Structures are given as C-alpha cells and as structure tokens.
> 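Just passing along the structure, written as structure tokens.
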Amino acid sequence: MPCSRTYVADAYLDALTGQLAQHRDLTEVPETADLCKGLDDDLDVPVLSEVHRQLVGEGSHRRLVYSVKFGNCEDDAVKFLDGYAANLVIIEKLPSGVFADPFELQHFVERKVFLDVAVFGDTNLELPSALSNRSAVEIHFDFKPSTTMDCNLVVELPLHARYPPLDSSGYATVEFGSPDLLLHYRKKDTHPDSCIWVSKNLDAEPVDKAVWRVPCGNGAHAGFVSSLTFISALVCSMSVVLAASLIS
Amino acid sequence: MAATTTTLRWRVMAASAALRVALVAYGEWQDAHLEVRYTDVDYLVFSDAAASVAAGGSPFARATYRYSPLLAFLLLPNSLLHPAWGKLIFSAADLLVGLFIDTILRLRGVPEKTRIWSVVAWLFNPFTFTIGTRGNCEPIVCAAVLWVLICLMKGQVLQAAFWYGLIVHFRIYPIIYAVPFVIVLGKNYAGPAGRPILTQWSSKQQLQSDKTSENVEEPTSLLASLWIFLSSLITRNTILFGLFSGSMFFGWTGVFFYLYGWDFLNEALLYHLTRTDPRHNFSIYFYHIYLHHQQGFSSIQKLASFLPQLMVQLALILRFSRDLPFCLFLQTVAFVAFNKVMTAQYFVWFFCLLPLILPWTRMKLRWKGLACMLVWMGSQLHWLMWAYLLEFKGRNVFVQLWVAGLVFLAANTFVMIMVIRHHKYTQLFSVSTKSRSKVAAKKE
C-alpha cells in the first residue's frame with residue numbers, strides 16, 4: 001500500500017462487525033499490484049514462531065499484553081533489517097463492552113512506546129455498552145534490531161471496560177477474538193514517489209482466549225434503589241427546608 | 001500592628017503563589033516521567049481544543065470538549081507559547097479568588113486577622129490548590145462569581161451584570177444565583193446616596209435583627225405579602241441587571257452558535273442541562289440512572305429527581321437571600337449535593353464561598369467545626385473506598401457504593417444544617433440610615 005496511507009485497518013475493517021480481510025501478499029491488492037510486482041521475490045521475511053496474548057490487571061482498566069517471537073531471528077532478522085524498514089502491525093478488533101482511549105494511546109506515541117496507533121469505530125469514552133458500538137485498534141510497533149536481538153517483542157495495549165448491560169448474575173463476560181498480526185515493511189531509502197509498504201500477514205495461530213469479567217448492575221435492584229433514592233433525596237431536602245424555616 | 005498584619009497577608013499570598021508555581025512545575029515533571037499523570041484529563045481536552053482553534057478549526061473537533069469556546073481561546077498560548085500556560089492562568093485565578101475574599105471581607109469591616117484566616121481557608125485548602133495546578137478551569141468561575149459579588153457590593157450594577165451574563169454562558173451553574181441577585185437589587189438596594197450600604201461585621205454573638213425591618217407594615221394576607229414582595233423586585237437596578245446579563249448570555253451564545261453551529265449548542269449547553277451519567281459518581285442518582293439506562297426514564301422519574309433540588313433552592317432563597325454570601329454558599333452546596341451528577345471538581349464552587357461566611361459563624365473549630373469536616377471527608381473517603389473496589393478491583397459493589405452515596409448526601413445535609421444553625425444571619429445591605437442608627441445604638 002502507498003506510504004501516504006498510514007493505516008491498514010481503515011481500508012479493510014467492515015463496520016467493526018465483520019472479519020478483517022485476509023491479508024495475502026500485497027501483489028493481490030489491485031491498487032498497488034503493478035508497483036509490488038517482484039517486490040518480495042526471494043526475500044527472507046522474518047517468520048513468526050510464537051504469539052501469546054494475555055489480559056493483565058484488575059478492575060475496569062486492564063492491558064492486553066502481546067508477546068511475539070520470531071524464528072531464526074538472529075540471522076534472518078538482522079539480514080532483513082539491513083535492507084528494509086519494518087513495523088509489526090497488530091490489529092485488535094475489540095469486543096462490545098471494551099474500548100481504547102485514543103488520547104491515552106497518543107501519549108504512548110509521544111513517549112515513543114508505539115511508533116503509531118489508531119482507533120477505528122466508536123471512540124466515545126463515556127457511553128455504556130448498550131448505547132455504544134464496537135471499535136478496533138491498530139498498533140504499529142517498531143521492528144528494530146535492538147528488539148529483535150532477543151527475538152521477543154512485547155506490546156501492551158491499555159483498555160477500559162464500559163458499563164455492561166444489566167445482568168442478574170452481577171457480572172458480564174467479555175471475550176476477545178484473535179488479533180491480526182502483520183509485518184509492514186519497505187525498502188530503506190526508497191524514492192517517495194515509488195514508496196510503498198508491503199503488508200505481510202504473519203498467519204499467527206489463534207491465541208489463548210482472553211476473557212474479562214466486568215461487574216454489572218442487577219435489574220432486580222431497580223425498584224428498591226429508585227424508591228430509596230427518591231425518598232432519601234426528599235427526606236434530606238425537607239430537613240434542610242425545616243432547618244431554614246425554624247431559624248428565628 | 002497594622003504593618004505586621006499587612007506583611008503577614010502578603011506573605012500568605014507569596015507562599016500561595018510559590019506553592020502553585022512549584023506544583024505546576026512538579027506536574028510537568030510527573031507527566032513526563034511517570035505513568036500516572038498529575039495533569040487532569042480535562043486540561044488535555046482544553047489544550048487539544050485550543051490547538052484545533054489555533055489550526056483554524058473548531059474546538060468541538062476535540063471529543064468531550066464541553067465548554068464555551070472562550071476557554072479554548074484563552075488557552076491558545078498553550079500551543080503557541082508553552083503547554084503549562086493554562087495551568088498558570090488557572091492558578092492565577094485561584095490567587096485572585098484569595099484577593100477577592102479579602103476584598104469582600106474588608107468591605108464588610110472584618111478585622112484583618114480574621115480575614116487572613118478566611119483567605120487561608122481557600123488558598124491552603126488541598127482541594128483548591130490542586131484543582132488549578134492540575135489544569136482545571138473552575139478557579140476562573142469562582143473568581144468571576146466573587147467579582148460579581150464585589151461589583152454588587154460597590155453598586156456597580158452594570159459591571160456585575162456583564163460578568164454574571166458572561167460566567168453563566170461559561171459554566172451555567174451560576175444561573176442558580178439569579179433570583180437572590182435580583183432580590184438584593186430590589187427596593188432597598190441603594191442607600192440615600194445612591195450606593196448600597198454594607199452591614200458591617202460585628203464581634204457580638206447575638207443575631208442581628210434587621211432582617212425584617214424593610215417590611216414595616218404588616219401584610220394583611222398571603223396574596224398581599226406576595227404582591228409587596230414582587231413589586232419590591234421591580235426597580236431600575238433589577239431591570240438593568242436582568243436585561244444586561246441576559247443580553248450578555250444570549251449574545252455570547254448567539255456569536256458561538258453562528259461560528260460553530262449545533263456542535264456548540266449540543267456540547268457546551270444542552271449536554272449540561274440534560275446530562276445523566278450512569279457511571280459511578282458521588283451523586284445518589286448514579287445507580288438509579290444505570291439501572292434504567294436501557295429503557296429510559298418516565299416523566300414522573302425526571303420530575304421526582306428535580307423536586308428535592310427545587311424545594312431546597314426555593315427555601316434557601318426565600319429565607320436567606322438578603323444575607324447574600326450565606327445564601328449563595330448554601331445554594332451551591334445544595335445544588336452540588338442534590339445534582340444528578342457530582343464530581344470532586346464541583347466542590348470548589350462552594351469552597352470559594354465558604355471563607356465569606358466564616359466570620360459570621362458561631363461554630364468553633366473545636367469541636368463542631370472539626371466534626372463537620374470529619375463527617376464530610378469521612379463519608380467521602382467511605383464512598384471512594386467502594387468506588388476503588390468497583391473500578392480497580394472489579395468487584396460488584398454497586399449496592400454498597402450507592403449506599404455510600406446516600407451516606408454522603410446525609411453528611412452534606414448534616415453540614416448544611418449545622419452551618420445554618422450556627423450562622424449569625426446578617427443582611428449584606430443595610431436597609432436605610434435610620435436602621436443603621438438603630439444597629440449602631442444596639443452595638444453601643
């Protein structure tokens with residue numbers, strides 16, 4: 001894809017409910033087909049050996065931690081990075097009930113934790129689940145020699161839970177699907193007019209399920225909560241009115 | 001002695017300024033080096049909105065910017081000069097509030113030593129010095145409200161109206177002060193020389209008795225009382241104040257509607273009037289709102305949540321409006337306590353008015369004053385404990401958190417009643433020179 005387009009997901013994400021289109025080699029993408037012919041012939045692109053993803057933390061603010069290992073990285077990665085600039089691209093389609101704060105993630109870019117990040121879809125930070133839509137996050141992580149020398153990239157994505165719909169069990173369960181991992185690379189020192197990124201799907205195996213239990217309200221409480229709330233407000237307001245009236 | 005207390009006053013101001021500059025500097029360091037920011041999230045919102053304006057766009061391009069565009073304009077130097085500009089402005093407003101408190105109390109004849117303690121109650125209140133230095137804009141609103149009060153005390157009605165209309169456009173909640181302002185601007189506002197006469201502070205413990213002196217004749221019926229009351233409100237000053245402040249409000253609103261359209265109206269005005277947030281906050285209504293957020297609210301439910309607030313506001317206005325600072329303080333505490341959403345930043349709205357009533361309270365710090373502080377802070381900490389378990393430990397403690405909200409409302413009610421019962425009711429404006437002579441004679 002052309003260097004002028006920064007993100008992969010905006011071209012392929014289908015209203016956040018569909019599946020991300022399989023990223024085959026970019027030679028199959030019509031708009032850049034001619035430019036890409038022969039680009040990745042005889043190229044030893046680093047191969048993924050292991051991917052782990054874990055939901056870490058407690059409460060309404062947690063982190064998805066990705067651990068990405070590449071095989072034969074000492075030789076292949078160094079040789080590859082001599083001629084190519086590369087980013088690891090993680091696309092996480094967030095389930096309903098969880099959101100990423102784009103402003104928080106931008107802070108990560110400013111602190112150079114991520115190379116770049118974007119949130120697509122519903123970025124409203126305040127609405128409960130029932131009144132909001134899904135979203136997806138695309139993280140670009142720099143594939144530098146220093147990180148590949150020990151062959152293990154660790155990426156942390158902070159996430160926040162929305163207020164879930166009511167449930168008598170007291171907890172809502174949010175399950176994450178598998179992320180999409182891509183290697184985004186281009187030749188170093190390319191002319192801007194012919195600059196294109198190649199996005200190669202790393203064909204990651206499905207990761208372990210990540211499940212988030214979020215406390216939720218119980219509809220059975222509605223009656224007594226509403227009554228007691230209004231009665232308390234009335235009693236307190238009448239107390240103040242009485243105190244004001246009785247002062248001579 | 002006078003030189004000593006004047007030096008002390010300037011030392012207090014200098015120490016407050018130094019504290020705020022140090023906190024702003026510390027905040028910059030913490031933001032750059034630690035995971036958890038010192039700066040309030042709202043400040044980042046204001047800064048982004050200002051950057052959008054600087055780039056020729058709308059401040060409402062920034063999600064969750066729900067303020068007047070004036071704030072974004074004020075913070076333009078954030079992107080042109082330094083990101084901490086806004087914090088310095090808010091901290092300066094914070095110091096201005098301290099100066100205004102001193103001015104108001106001096107105009108009312110409060111001795112300097114007592115004034116210093118009242119000013120310290122604002123300048124060294126941890127709630128207040130963190131608010132401005134973290135980048136919250138409430139000190140500006142507080143300064144404007146106190147300035148309106150000073151203008152009214154000096155007889156500058158048009159200037160008071162100018163700032164009042166502007167600040168209601170900026171933040172909306174000061175609209176609750178409209179009726180007491182109109183009441184005090186009524187028939188007995190101006191003295192014989194055309195300027196209001198301020199009732200001076202007295203160290204005596206007995207209540208002043210001139211609160212009823214303006215109605216010399218006994219009303220014959222409720223209707224007659226109502227008529228006398230309403231007709232006393234129709235004066236040149238009340239009409240000027242009402243018309244000019246209203247024009248200011250609608251003028252600014254009109255200008256920004258022309259510039260930014262419905263984005264401005266929805267985000268800066270209508271959002272605040274209709275806000276119902278199901279997420280946990282100090283308000284007793286949060287769980288009720290969450291439990292009904294999927295099906296909406298009936299008209300009866302909406303009215304039921306509005307009624308206690310309305311009753312309290314009316315009662316406080318009708319009973320205390322002539323002791324204007326006291327009325328404004330109680331109204332603000334009640335408004336915050338009975339509101340559908342309550343966050344910690346709202347507390348500064350009444351903290352800036354608290355020092356204005358301290359010289360008139362019979363409540364001593366030991367032990368009733370301390371009891372009020374401990375009850376209020378203790379119930380808040382109790383709420384925060386359950387909120388921490390819900391938000392940071394993921395435990396389902398909604399019911400406990402809601403009960404903690406009820407306890408906090410009870411604590412607010414307790415503090416209000418204690419303050420009312422220990423206050424020396426004193427009209428802000430003396431009724432006439434005849435009544436002043438009576439008061440002077442009583443003092444002797």
Side-chain angles (χ1 to χ4, degrees), chain A residues 57-62 101-104 106-107 110-111 123-131 158 160-163 165-166 169-171 212-248, chain B residues 32 37 41 44-45 48 62-64 207 277-280 284-285 287-288 290-294 301 304-305 307-312 314-316 318-320 330 334 337-338 388-399 402-403 405-406 409-410 412-414 416-418 420-421 423 425:
Chain A
E58 291 181 289
S60 303
H61 312 286
R62 302 194 190 186
D101 182 345
F103 305 105
E104 179 184 23
Q106 206 46 49
H107 187 51
E110 286 162 15
R111 286 174 56 229
T123 55
N124 190 304
L125 311 176
E126 298 169 331
L127 290 177
S129 255
L131 303 176
H160 312 276
R162 295 187 186 281
Y163 263 49
L166 306 178
S169 68
Y171 289 90
W212 192 338
R213 263 180 103 228
V214 186
C216 64
N218 186 343
H221 296 165
F224 80 82
V225 165
S226 300
S227 316
L228 276 176
T229 301
F230 292 132
I231 290 169
S232 306
L234 207 59
V235 165
C236 288
S237 63
M238 290 310 301
S239 307
V240 175
V241 171
L242 206 64
S245 313
L246 291 177
I247 289 292
S248 57
Chain B
R37 286 186 207 246
V41 163
L44 305 172
V45 174
D48 289 347
R62 181 23 163 121
T64 72
L207 289 171
D277 200 336
R279 294 173 301 165
H280 56 280
I284 58 170
Y285 294 105
Y287 197 27
H288 158 77
Y290 177 35
L291 291 172
H292 289 87
H293 79 281
Q294 286 168 268
Q301 283 175 331
S305 55
L307 212 58
Q309 178 75 270
L310 185 64
M311 276 175 7
V312 172
L314 275 177
L316 293 173
L318 290 174
R319 189 66 189 82
F320 298 121
L330 284 178
F338 288 96
Y388 173 80
L389 287 174
L390 172 69
E391 187 171 343
F392 296 100
K393 292 294 178 187
R395 285 180 46 189
N396 188 324
V397 291
F398 279 107
V399 173
W402 163 68
V403 169
L406 298 181
L409 177 66
N412 276 290
T413 306
F414 168 75
M416 273 193 276
I417 292 172
M418 287 289 281
I420 288 170
R421 289 185 61 190
H423 181 73
Y425 177 91

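In this text the structure is predicted, and so the values were computed from the model without any measurement.
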> Taking every heavy-atom pair that is under 4.5 Å apart, which of A:Glu126, A:Glu110, A:Arg111 has the most such pairs with chain B?
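Going by pairs under 4.5 Å, I would pick A:Glu126.
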> Between B:Asn396 and A:Gly170, what is the shortest heavy-atom contact and its length?
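Result for this residue pair: ND2-O, 2.6 Å.
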> In terms of side-chain heavy atoms, does B:His280 have a donor or acceptor partner in A:Tyr163 at a distance below 3.5 Å?
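Result is yes, a qualifying pair exists.
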> Should the heavy atoms of other residues, nucleotides or ligands under 6.0 Å from CZ of B:Arg279 be counted, would the total exceed 12?
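Atom CZ in B:Arg279 is packed in, count exceeds 12.
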> Under a 4.5 Å heavy-atom cut-off, does chain B meet the side chain of A:Pro102, its backbone, both or neither?
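When you check distances to chain B, no heavy atom of A:Pro102 falls under 4.5 Å.
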> Do B:Arg395 and A:Tyr171 form a cation-pi contact, if we require the NZ or CZ to be under 6.0 Å from the six-membered ring centre and within 45 degrees of the ring's axis?
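No, cation not above the ring by the 6.0 Å, 45° rule.
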> Looking at B:Phe398, B:Tyr290, B:Phe392, B:Phe338, which makes the most heavy-atom pairs under 4.5 Å with chain A?
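Heavy-atom pairs under 4.5 Å are most numerous for B:Tyr290.
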> For a quick test of reading the model, state the closest non-hydrogen atom pair linking B:Ile420 to A:Ala243 and the distance between them.
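Heavy-atom minimum between the residues: CG2-O, 3.9 Å.
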> Would you mind checking which part of B:Leu330 comes under 4.5 Å of any heavy atom in chain A, side chain (CB onward), backbone (N, CA, C, O), both or neither?
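Contact with chain A involves no heavy atom of B:Leu330 at all.
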> Counting only non-hydrogen atoms closer than 4.5 Å, does B:Asp48 touch chain A with its backbone (N, CA, C, O), its side chain (CB onward), both, or neither?
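Side chain of B:Asp48 only, per the 4.5 Å heavy-atom cut-off to chain A.
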> Mind jotting down which residue pairs meet the side chain to side chain donor-acceptor pair (under 3.5 Å) criterion with at least one end in residues 225-235 of chain A? Sequence neighbours excluded, please.
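Qualifying pairs, neighbours excluded: A:Ser226-B:His288, A:Thr229-B:Trp402.
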> Anything under 3.5 Å between a donor and an acceptor, one on a side chain of residues 213-221 of chain A, the other on a protein residue two or more places apart or in another chain? List them.
{"from": "A:Asn218", "atom 1": "OD1", "to": "A:Ala220", "atom 2": "N", "distance (Å)": "2.9"}
{"from": "A:His221", "atom 1": "ND1", "to": "B:Tyr287", "atom 2": "OH", "distance (Å)": "2.9"}

> For B:Val399, is it the side chain, the backbone, both, or neither that has a heavy atom closer than 4.5 Å to a heavy atom of chain A?
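B:Val399 touches chain A through side-chain heavy atoms alone.
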> Let me confirm one number: the CD-CG distance from A:Gln106 to B:Leu44, rounded to the nearest 0.5 Å.
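CG of B:Leu44 is found 12.0 Å from CD of A:Gln106.
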> Sort out for me which of B:Ala63, B:Pro308, B:Ala410 touches chain A most, counting heavy-atom pairs under 4.5 Å.
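Of B:Ala63, B:Pro308, B:Ala410, B:Pro308 has the most heavy-atom pairs under 4.5 Å with chain A.
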> Yes or no on side-chain contact (heavy atoms from CB on, under 4.5 Å) for B:Met311 and A:Leu234, after CA distance, side-chain angles and deciding distance?
CA-CA 9 Å; B:Met311 276 175 7; A:Leu234 207 59; 4.1 Å; yes
> Quick check for you: among B:Arg37, B:Arg421, B:Met416, which has the greatest number of heavy-atom pairs under 4.5 Å with chain A?
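Highest number of heavy-atom pairs under 4.5 Å: B:Arg37.
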> By a 4.5 Å heavy-atom criterion (distance strictly below it), what part of B:Phe320 contacts chain A: side chain, backbone, both, or neither?
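The side chain, not the backbone.
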> Between chain B and each of A:Val241, A:Leu242, A:Leu166, count heavy-atom pairs under 4.5 Å; write down the option with the most.
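Most heavy-atom pairs within the cutoff with chain B belong to A:Leu166.
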> Measure the SG-CD1 distance between A:Cys236 and B:Ile284 for me, rounded to the nearest 0.5 Å.
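Rounded to the nearest 0.5 Å, the SG-CD1 separation comes to 7.0 Å.
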> Which region of B:Gln294, side chain (C-beta onward) or backbone (N, CA, C, O), has a non-hydrogen atom less than 4.5 Å from a non-hydrogen atom of chain A, or is it both or neither?
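Just the side chain, heavy atoms under 4.5 Å.
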> Could you state the interatomic distance from OG1 (B:Thr64) to CZ (A:Phe103), rounded to the nearest 0.5 Å?
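Answer for the OG1-CZ pair, B:Thr64 versus A:Phe103, is 6.0 Å.
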> Would you give the length of the straight line joining atom OG1 of B:Thr413 to atom CE of A:Met238, rounded to the nearest 0.5 angstrom?
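Answer rounded to 0.5 Å: 12.5 Å.
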> Does B:Arg319 reach the main-chain N or O of A:Ser245 with its side chain, forming a donor-acceptor pair under 3.5 Å?
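No; judged by distance alone, with no hydrogens or angles, the pair does not exist.
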